[in-house]
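Notes to accompany the following structure.
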Amino acid sequence: MDLKEDIKARLNIEDVIGEYVQLNRAGRNFKGLSPFSHEKTASFMVSPEKQIWHDFSSGKGGNIFSFVMDVEGLDFREALEFLARKAGLDISKYRSSPNATSSSKIKNRLYEANELAAKYYQKSLTQNQEALRYLIKSRGFSKQTILDFRLGYAPNTGSALTDFMKKREFTSKELSQSGLITQRFRGDGDMFRGRIMIPLMDSQGRALGFTARLLKDEPNAPKYLNTPQTALYDKSSHVYGLNLAKESIRKEKFSVIVEGNLDVIASHQAGVTNVVATAGTAMTENHLKELGRFGTDIRLAFDRDDAGIAATERAIPIAEKLGVNLSIIDIPQGKDPDELIRHDAKLWEQAILANQDVLDWLISQYQIRADLATHAGRDTFKDAVLASVKRLESAGEQGFYAKKVAAILGYSEEAVHDELRLLKEGKKTYRTIHNQPEQIDKQRLELKRVQDHLMAVCLLQPALRFNLNSLTPEMLYDDEAIQLLSYLLGHGELAFEGTVPDDLNEISDYVKILLLQYEQLYQGLGLLELRNEAARLQTRLVEEYVKTKKVGLSHALRTANESQTETLLLEVRELDQLLKSHKGGR
């Protein structure tokens, strides 16, 4: 039995998404306003035929499971259980598996792979003076701290770790399953390159994966790169630093959650060792359960930005449900813990001890953001506070905060209680979307659109696939596009009939999204128009790649020695030639 397939057979994607978004029929598809951005013109599409959705405004897309993961803030397993309940399926019937022993063996191999990789990165760090200077001089970490947290360095080469691991008899499949290699480039290659490596360990101290920070900033490259979801690493459950913090948490009878792994390391070095981190502000019930085993007093030290406030709002009902006492650490002058510790470690200790009740802190933040001198501002404040108050299980607590809201706004307690009652009775048509609209990187989104539109045209029009010949994986913006590029280059004449080939099953949702984009944007255009469009899109990608690479080379030239300068200038000339030959071919 396959739970995932049975869910898809029982639930219609348009019905599930229709609980969150008002959908209107648009031919064979449905259309609505994006729940992930503040758009005013509907560009959110759902295809019942393909069982996928795509949001043109934010660039998001996927299947029924990815949608629930995004709007409810769940990991895949939680989304699977959520939808199974909706479909009326008994999950317990799917849990027994004759492959349990095999699964255990696979996990043991992944533990071994991550452990060996961690040792390799540690050894590499000792051989790279620049990485050592960054950790010791720039971050202020002692050698003992570096050893305690097993910090390392990933060489900035294509396959140094891959080659090392294969010599130790690890297969490509095992390395891929552990998240240590990628096929973004043709053939196997290291997932992490030129980065400071921070092992992610479970409460027993076993390496599950890595967080990797760029040693040198590169344009358009993410500063931090994490191990993807694997059989070992699940960011919705993992608590960073717990293996080193758990005894201190038991002793102090409370834990502190910060946003960054380096904040944890800095705090431990300063002697405050009951500090851990989640993956940014993505805190879940699993995180609080894990920490609750060691102490039910949990203090959050998140940023005072929208993401920090949204995470705090989401944590309140979870904490209530688990019986966790949640409070907030308000860091002076808006610094993060690492900055505060480097300024004065005692201020960090004082901030921890001056923790505030979570809802009192939220109310103070809402007051700062809302203009209480205006009617609209007062409504915004009231709605935001009462949305959190209604999640409290205690009627007495609800009454206390309703009274506080009334006092702040100068309203009658009866009026505020009436508003709270209406909220609790659920007078809304659509379900609440727990994940807040994201701040979208507009430039990256635009370039990803260019990439996807080119892929869509070339997927459906084999005669135009020559436009892909001058592209390389480095010019693309995600793994799915890179995999499809490789496939299309190897199948230049193969006509796409609408059924996803077996070779592309791994990225079938991405292929279906491209089909939907083609239907919406290019259906009905003649071959000449499509040829011009493909040429324009290809040129845009090449130009952006050359521009980005030249910016990086320009930075490198400022500090290069004579021999390095010659090599760098050669790369600049090659980029100029690439752009010139490409434009000349048009």
Side-chain angles (χ1 to χ4, degrees), residues 118 121-122 125 134-136 138-152 195-213 223-227 233-252 254-284 286-288 290-295 297-303 307-308 311 315 327-329 331 335-349 351-353 355:
Y121 291 137
Q122 285 182 283
L125 176 64
Y134 171 78
L135 290 172
I136 296 172
S138 300
R139 304 301 308 202
F141 294 151
S142 68
K143 291 183 179 179
Q144 188 59 51
T145 295
I146 292 171
L147 289 172
D148 289 344
F149 285 88
R150 304 185 66 188
L151 303 183
R195 292 174 179 269
I196 297 296
M197 301 302 295
I198 306 169
L200 305 174
M201 291 174 279
D202 63 13
S203 60
Q204 302 172 52
R206 298 179 297 180
L208 308 175
F210 298 88
T211 288
R213 189 200 187 281
K223 181 178 288 188
Y224 288 93
L225 191 63
N226 294 320
T227 291
Y233 177 65
D234 177 0
K235 73 175 182 180
S236 72
S237 301
H238 179 254
V239 179
Y240 176 73
L242 186 57
N243 59 309
L244 298 175
K246 59 188 179 184
E247 294 307 319
S248 179
I249 293 172
R250 287 194 183 102
K251 179 181 177 182
E252 299 295 336
F254 72 90
S255 58
V256 175
I257 303 179
V258 297
E259 289 189 30
N261 297 347
L262 295 178
D263 292 329
V264 173
I265 299 172
S267 184
H268 279 243
Q269 179 167 281
V272 182
T273 55
N274 55 335
V275 177
V276 295
T278 56
T281 58
M283 190 169 57
T284 67
N286 290 334
H287 291 135
L288 292 184
E290 180 75 357
L291 283 171
R293 296 192 296 119
F294 303 97
D297 182 348
I298 298 177
R299 305 178 187 184
L300 308 181
F302 289 165
D303 289 345
S327 59
I328 298 293
I329 297 167
I331 302 176
K335 296 179 181 290
D336 60 36
D338 180 41
E339 291 174 323
L340 187 64
I341 290 164
R342 281 192 273 176
H343 176 68
D344 188 340
K346 289 192 179 300
L347 292 178
W348 172 232
E349 296 179 42
I352 291 172
L353 296 177
N355 57 309

Spacing of [atom1] belonging to [X] relative to [atom2] belonging to [Y], to within rounding of 0.5 Å:
X	Y	atom1	atom2	result
T227	D234	OG1	CG	12.5 Å
N274	L291	CG	CG	10.5 Å
N243	R150	CG	CZ	9.5 Å

- Query: Is a side-chain N or O of E339 found less than 3.5 angstrom from the main chain of D336, in a donor-acceptor match?
  - Reply: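 It does hold such a pair.
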- Task: Report the C-alpha separation of F210 and Y233 in whole Å, then their side-chain angles, then the decisive distance to 0.1 Å, and conclude whether the ring pair (Phe, Tyr, Trp, His ring centres under 6.0 Å) test is met.
- Result: CA-CA 9 Å; F210 298 88; Y233 177 65; 9.9 Å; no
- Task: For the pair I329 and F302, evaluate side-chain contact (heavy atoms from CB on, under 4.5 Å) and give the outcome as yes or no after the intermediate values.
- Result: CA-CA 8 Å; I329 297 167; F302 289 165; over 6 Å; no
Please examine the side chains of [Y] and [X], heavy atoms only from C-beta on, and report whether any two atoms are closer than 4.5 Å.
X	Y	answer
L151	Y121	no
S142	Q269	yes
N261	Y224	no

- Task: State whether R250 and E247 are salt-bridged, where the test is any N-O pair (Lys NZ or Arg NE/NH1/NH2 against Asp/Glu carboxylate O) under 4.0 Å.
- Result: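 E247 and R250: salt-bridged.
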- Query: When you look at I196 and Y134, which way does the side-chain contact (heavy atoms from CB on, under 4.5 Å) test go after all the steps?
  - Reply: CA-CA 9 Å; I196 297 296; Y134 171 78; 3.9 Å; yes
- Chi angles and distances behind the side-chain hydrogen bond (donor to acceptor under 3.5 Å, both in side chains) call for Q144, D148: CA-CA 6 Å; Q144 188 59 51; D148 289 344; 2.9 Å; yes
- Can you name the one residue among I136, L135, I265 that meets side chain to side chain contact (heavy atoms under 4.5 Å, CB included) with T145?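 For T145, the side chain to side chain contact (heavy atoms under 4.5 Å, CB included) test succeeds with only one of I136, L135, I265, which is I265.
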- Query: Can you list the steps and then say if W348 with S267 is a side-chain contact (heavy atoms from CB on, under 4.5 Å)?
  - Reply: CA-CA 8 Å; W348 172 232; S267 184; 2.9 Å; yes
